[in-house]
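Quantities reported herein were computed from a predicted structural model and do not represent experimental measurements. As the structure lists them, so they are numbered: ligands from 1, and atoms in each ligand from 1.
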Amino acid sequence: MTQLSPLLKQATPVVVDHAKGSWIFGTDGEEYLDFTTGIGVTSTGHCHPDVVAAAREQVGKIIHAQYTTVMHTPLLELTDKLGEVLPAGLDSVFYANSGSEAVEAAIRLARMATARPNIVVFQGGFHGRTVAAASLTTAGTKFSAGFSPLMSGVHMAPFPYAYRYGLDEDSAVRFAVRELDYLFKTRTAPNDTAAFLIEPALGDGGYLPTPPAFMEALRERADRYGIALIFDEVQAGVGRTGKFWGHQHSSATPDIIITAKGIASGFPISAIAASTELMSKGWAGSQGGTYGGNAVAAAAAVATLGVIEREGLVENARVRGEQLQAGLREVQSRFPVIGDVRGRGLMQGIEFTTADGRPDAATAAAVQQATTKQKLLTLTCGPEGNVVRLIPALVVTEDEITLGVDRFEAAVAAVSGAVTVGAATG
Ligand code: PMP
């Protein structure tokens with residue numbers, strides 16, 4: 001009998017029959033509140049009627065109109081629509097299918113445009129699983145171990161992870177900036193450095209918002225040395241953090257932006273955007289691909305952007321995110337196993353630590369499993385595996401957040417009831 005690869009690790013035993021909004025209906029007859037959204041993809045909720053209608057209509061017109069052979073109207077419409085939300089000046093867009101592919105396109109462009117070899121990434125960053133993207137990924141050695149040699153020319157600087165270093169945010173930023181400048185002296189000279197690649201909030205690396213001052217320090221050095229600043233908005237973009245782009249919590253703007261995941265509510269499409277001037281420095285013919293900018297995915301992306309705008313979903317993410325974080329902080333006050341609660345908007349991480357402050361992956365894993373029993377779907381993340389992440393759909397309601405927090409607390413109580421402080425529910 002054929003089976004799925006044993007190398008795929010299942011976070012839950014759930015087999016979905018169908019889904020709607022924030023809810024997944026399993027073949028087991030159970031209803032699960034979905035705070036995973038396909039790892040931050042189904043931004044408008046599962047099967048939003050407008051997205052379903054747009055995709056259905058497009059399937060009947062043309063499914064695949066390979067975009068370097070014949071152009072199709074959904075892609076032209078999407079490019080127009082993206083113009084309304086892209087940072088000023090980033091007026092040239094290239095489409096691919098996955099986040100990894102878009103990351104690679106961004107790196108290729110930065111190297112060609114600067115004629116420099118090296119990329120600086122930040123510890124804990126996740127940029128994908130294809131070999132070049134895995135070479136840029138430092139969110140865990142499981143993403144890059146065992147199949148070396150990796151792509152060369154990648155250098156890692158510290159990320160200002162205040163909680164891990166036991167520092168306040170300002171001190172963590174000062175430390176990380178100083179080490180970045182030291183990297184320029186010790187490993188990659190500015191003139192050899194093509195790009196900085198950073199997430200506006202670490203995703204798979206632990207749900208850590210990047211401090212605005214750090215983003216701004218990168219912008220300053222990018223300008224000073226002619227380095228391309230690339231923001232990987234694959235997970236933090238498209239409203240997730242309560243701003244349309246995750247980097248908009250700072251004043252820094254990118255030279256190249258990467259988007260995927262939430263942009264099409266579940267259809268595979270990704271993109272990079274840069275100024276036409278920068279994009280034109282790439283080599284002609286260096287971009288392309290069979291499936292990139294697929295017509296059905298592009299139609300779904302246009303519909304997604306419409307829904308986000310009409311339903312005020314960026315603002316909903318901000319408000320519901322505040323509610324979620326406040327609820328989680330209350331849970332934290334009752335359970336000492338929770339060392340840190342953090343995040344922006346609907347991208348919240350709960351870091352589990354032992355009594356003496358060490359990462360506690362066992363408890364995080366047990367809580368994640370326990371949430372499924374409470375009919376709440378969650379995921380873990382972080383290089384140590386000790387962070388539970390909550391990624392509700394941008395359409396999530398007040399009642400669903402309240403229910404999600406209650407179920408999360410019940411799961412924590414089930415796992416660590418013996419060490420609760422004060423009254424715990426569930
Ligand atoms: N960048 C970031 C920030 C991501 O979160 C991810 C996926 N988790 C990727 C890149 C890679 O995307 P994909 O899995 O679509 O290749």
Q: Find the distance between OH (Y291) and OG (S98) and round it off to the nearest 0.5 Å.
A: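 Answer for the OH-OG pair, Y291 versus S98, is 13.5 Å.
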Q: Provide, to 0.1 Å, the distance between atom 16 (O) of ligand 1 and the closest protein heavy atom, together with that atom's residue and name.
A: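 Result for atom 16 (O) of ligand 1: S100 OG, 2.5 Å.
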Q: Which protein non-hydrogen atom lies closest to atom 5 (O) of ligand 1, naming both residue and atom, and how far is it?
A: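 Residue, atom and distance for the closest contact: Q235 NE2, 2.8 Å.
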Q: I'd like to check whether E101 has a polar contact with ligand 1, where a contact means an N/O of the residue lying under 3.5 Å from an N/O of the ligand.
A: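 Such a contact does not occur with ligand 1.
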Q: Under 6.0 Å between ring centres: does that hold for Y67 and H72?
A: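 Ring-ring flag for Y67/H72: false, centres at least 6.0 Å apart.
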Q: Any N or O of V103 that comes nearer than 3.5 Å to an N or O of ligand 1?
A: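 In fact, backbone or side chain, V103 has no N or O that close.
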Q: How far is atom 13 (P) of ligand 1 from the closest protein heavy atom, and which atom is that?
A: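 Residue, atom and distance for the closest contact: G99 N, 3.5 Å.
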Q: Output the list of atoms in ligand 1 that are nearer than 4.0 Å to some heavy atom of D204, sorted by atom number.
A: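 Ligand 1 atoms under the 4.0 Å threshold to D204: 5 (O), 8 (N).
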Q: Is it true that R129 lies under 4.0 Å from ligand 1, counting heavy atoms only?
A: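 It does not, in that no heavy atom of R129 comes within the 4.0 Å cut-off of ligand 1.
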Q: Answer yes or no: are there more than 12 heavy-atom neighbours, outside K142 itself, under 6.0 Å from its atom NZ?
A: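 It does not: K142 NZ has 12 such atoms or fewer within range.
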Q: In sequence, state the C-alpha distance, the side-chain angles, and the governing distance for F184 and Y225, and then conclude on ring-ring contact (aromatic ring centres under 6.0 Å, His included).
A: CA-CA 11 Å; F184 285 139; Y225 299 128; 5.2 Å; yes
Q: Here's a test for you: under side chain to side chain contact (heavy atoms under 4.5 Å, CB included), which of I119, L180, D255 qualifies with F196?
A: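 Passing option: L180.
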Q: Under 3.5 Å between some N or O of ligand 1 and some N or O of E199?
A: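 The answer is no, given that E199 and ligand 1 share no N or O pair closer than 3.5 Å.
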Q: To which protein heavy atom is atom 2 (C) of ligand 1 closest, and what is the distance rounded to 0.1 Å?
A: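 The answer is F126 O, 3.3 Å.
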Q: I'd like to know if the side chain of R219 and the backbone of M215 have a donor-acceptor N/O pair within less than 3.5 Å.
A: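 No; zero donor-acceptor contacts below 3.5 Å.
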Q: State the atoms of ligand 1, each with its element, that fall below the 4.0 Å cut-off from a heavy-atom position in S98.
A: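 Ligand 1 atoms under the 4.0 Å threshold to S98: 15 (O), 16 (O).
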Q: Which atoms of ligand 1 sit under 4.0 Å from any heavy atom of D232?
A: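 Once the distances to D232 are compared, the set is 1 (N), 2 (C), 3 (C), 10 (C).
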Q: Can you pull out the closest protein heavy atom to atom 8 (N) of ligand 1? Residue, atom name and distance to 0.1 Å, please.
A: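 Result: K261 NZ, 3.1 Å.
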Q: Measure up the Y165 and Y161 rings against each other and bin them: parallel (under 30°), tilted (30 to 60°), perpendicular (over 60°).
A: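 Plane angle over 60°, so perpendicular.
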Q: Answer yes or no: does atom CD of E315 have more than 12 heavy-atom neighbours from other residues, nucleotides or ligands under 6.0 Å?
A: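 Yes, enclosed.
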Q: Heavy-atom distances under 4.0 Å decide this one: backbone, side chain, both or neither, for I39 against ligand 1?
A: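 It is neither part, as no heavy atom is under 4.0 Å.
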Q: Which class fits the ring pair F352 and F408: parallel under 30°, tilted 30 to 60°, perpendicular over 60°?
A: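 If you compare the ring of F352 with that of F408, the planes turn out tilted.
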